[in-house]
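Comments concern the structure below.
Being a predicted model, the structure only gives us computed values, none of them experimental. Order of the sequence lines sets the chain letters (A, B, ...), proteins ahead of strands, with each chain counted from 1.
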There are 2 protein chains.
Amino acid sequence: MELAQGKQKFIEAWGRLGSEWGINRTMAQVHALLLISPEALTTEEIMEQLSISRGNANMTLRDLIGWGLIEKQHRAGERKEYFYAEKDVWLIARQVAQERKKRELDPVLKVLNELSSIKGDEKDPEYKTFKKSVGDINKLAKNVDKTLATMMKAEESWFWGSIFKMFK
Amino acid sequence: MELAQGKQKFIEAWGRLGSEWGINRTMAQVHALLLISPEALTTEEIMEQLSISRGNANMTLRDLIGWGLIEKQHRAGERKEYFYAEKDVWLIARQVAQERKKRELDPVLKVLNELSSIKGDEKDPEYKTFKKSVGDINKLAKNVDKTLATMMKAEESWFWGSIFKMFK
DNA sequence: ATTAATTTTCAATATTTTTTGAAAGTTCAA
DNA sequence: TTGAACTTTCAAAAAATATTGAAAATTAAT
């Protein structure tokens with residue numbers, strides 16, 4: 001396979017994966033494009049390479065900055081802004097984990113905790129089943145939460161090293 | 001908070017989380033409803049409680065069966081089908097992990113492996129960056145893959161026990 | 001201050017995804 | 001076999017989400 005073809009495939013695959021996981025396809029594709037670009041790109045170049053509009057490019061780039069995945073760069077004597085992607089994949093993974101934890105897991109944990117404190121008749125099967133399921137999910141979610149928090153502070157080699165030692 | 005109110009909140013929260021993670025909102029809500037039901041429910045009851053159409057209920061229930069999260073039950077002398085959700089949360093987590101791995105992670109790993117084998121000029125920054133990023137993502141994805149495979153076979157207490165020992 | 005380059009905004013439009021509901025299909029007891 | 005109970009299908013409609021593009025806002029050099 002040719003490099004140019006490979007790039008296309010990578011951008012497509014990343015976009016598909018993103019949309020299956022609740023991330024806007026275009027956002028994943030812009031990220032993919034920047035990930036494999038040695039140099040920072042301008043909005044113009046991104047628009048052209050992915051055939052998207054200026055408005056779309058602008059909003060998507062802003063979101064990616066919000067996720068901490070890319071940064072704006074300025075060049076002396078130039079008005080244009082350049083965009084460059086963080087290339088450290090472990091850092092990216094932690095960044096995404098952190099954002100999704102904050103935006104999605106934390107709010108659910110809050111609700112689960114509220115729901116865990118509902119009182120009722122222990123003889124009522126409706127109440128018992130509700131309490132059991134909510135309680136179990138709450139415990140699982142807390143474990144996930146703690147693990148993510150640790151992962152966010154960890155070095156990649158240490159993290160996977162420990163995982164695989166544990167699974168040996 | 002009342003139990004009835006709590007149930008509503010749980011169904012809503014589960015639906016929201018589902019849609020943020022690429023799972024159809026209705027599917028997550030039907031699953032939530034069944035999770036907190038001590039008894040199996042009929043299509044009719046599900047339609048009514050969630051205010052959804054027969055067609056929607058039917059398709060959603062079939063999907064949930066496909067994910068291995070609920071099962072059909074028959075009752076002697078009755079024509080109607082009843083639906084009952086697996087209540088073991090750890091089993092549910094493993095089931096979901098397994099399905100998503102199969103449907104989404106495995107295809108991406110296949111593409112990444114192909115892309116990793118592309119040859120090119122080591123002096124070309126375009127090639128070098130492509131190769132590095134794809135290679136790094138590939139490694140990370142393989143680690144995730146192995147960890148999920150182990151999790152799928154593991155007992156809950158053992159799994160979290162090991163995780164937290166490791167992070168101590 | 002002016003202006004040309006560039007970025008941002010957002011109402012309108014397009015696309016994708018989900019849902020509906022009625023018709024067709026199936027099942028089984030009589 | 002018939003027909004009532006129930007399930008499945010799927011084309012059409014609705015809802016949700018993403019994208020466009022042109023106008024407005026911003027910026028910085030002169």
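Between Arg100(A) and Glu20(B) no salt bridge is recorded (no basic side-chain N to carboxylate O distance below 4.0 Å). Ion pairing of Glu156(B) with Arg94(B) is absent here, as no side-chain N (NZ or NE/NH1/NH2) approaches a carboxylate O to less than 4.0 Å.
The aromatic rings of Phe159(B) and Trp90(B) lie tilted to each other, with the angle between the two planes from 30° to 60°.
In the displayed structure, Glu78(A) atom CD is contacted under 6.0 Å by more than 12 heavy atoms of other residues, nucleotides or ligands.
A donor and an acceptor atom sit less than 3.5 Å apart, one in the side chain of Arg79(A) and one in the base of dT27(D).
Residue Thr43(B) is the one, among Met27(A) and Thr43(B), whose nearest nucleotide of DNA chain D lies closer to the 5' end (criterion: closest heavy atom). Each of Thr60(B) and Arg54(A) has a nearest nucleotide on DNA chain C; the 5'-most of these lies closest to Arg54(A).
Residue Glu81(A) contributes atom CD, which lies 14 Å from atom P of dT26(D) at whole-angstrom precision. One atom, NZ of Lys80(A), and another, P of dT26(D), lie 22 Å apart when rounded to the nearest Å. Taking atom CG on Asn24(A) and atom P on dA14(C), their separation rounds to 19 Å, with Å as the unit. Atom CG in Asp63(A) sits about 10 Å away from atom P in dA18(D), given to the nearest Å. Taking atom CG of residue Asn58(B) and atom P of nucleotide dA22(C), one finds them 16 Å apart after rounding to whole Å. Per the geometry, CG belonging to Asn56(A) stands 13 Å off P belonging to dT15(C), to the nearest Å. Regarding Glu78(B), its CD atom lies at a distance of 18 Å from the P atom of dT27(C), rounded to whole Å. Computed from coordinates, the Glu44(A) CD to dT6(C) C1' distance equals 9 Å when rounded to whole Å.
The side chain of Thr26(A) lies closest to dA18(D), out of dT19(C), dC10(C), dA18(D).
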